[in-house]
Chemist: 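Here it is: the structure, laid out below.
The chain is numbered in sequence order, starting from 1.
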Amino acid sequence: MIHGMSTTQCRARVSVQRSAAEVNEEIRALWLRSGGTLSGEQRRAYQRLVLEWSAAAPDPADHTSTNAA
């Protein structure tokens with residue numbers, strides 16, 4: 001780990017993409033650990049996680065039905 005960086009920051013730099021469900025689980029854990037109030041560092045971690053989750057989440061347009069009625 002690079003000095004001064006949190007585990008979350010190091011994970012964000014890993015090239016292996018996690019699923020939206022995995023990232024969502026980390027977001028939930030962050031909120032539980034914080035007791036519902038995020039510190040400045042936790043808020044930055046949350047923002048990174050939300051961006052990662054957004055990138056991993058499937059595009060709703062990809063799930064539209066193409067069947068004709």
Chemist: Is there a donor-acceptor pair under 3.5 Å between the side chain of R18 and the backbone N or O of V23?
Modeler: no

Chemist: At what distance, to the nearest 0.5 angstrom, does CD of E22 lie from CD of E52?
Modeler: 9.0 Å

Chemist: So L49 and N24, do their side chains get closer than 4.5 Å, heavy atoms only?
Modeler: no

Chemist: If every non-hydrogen atom of T37 is compared with every non-hydrogen atom of W31, which pair is closest and at what distance?
Modeler: N-CZ3, 4.4 Å

Chemist: Check whether L30 and L51 end up in the same hydrophobic cluster, where Ile, Leu, Val, Met, Phe, Trp and Tyr are linked by side-chain heavy atoms less than 4.5 Å apart.
Modeler: no

Chemist: How long is the straight-line distance from CZ of R48 back to CD of E26, given to the nearest 0.5 Å?
Modeler: 10.0 Å

Chemist: Which distance, rounded to the nearest 0.5 Å, do you find between the CD of E41 and the OG of S34?
Modeler: 12.5 Å

Chemist: Can you see which heavy atom on A56 is nearest to which on S19, and at what distance?
Modeler: CB-C, 3.9 Å

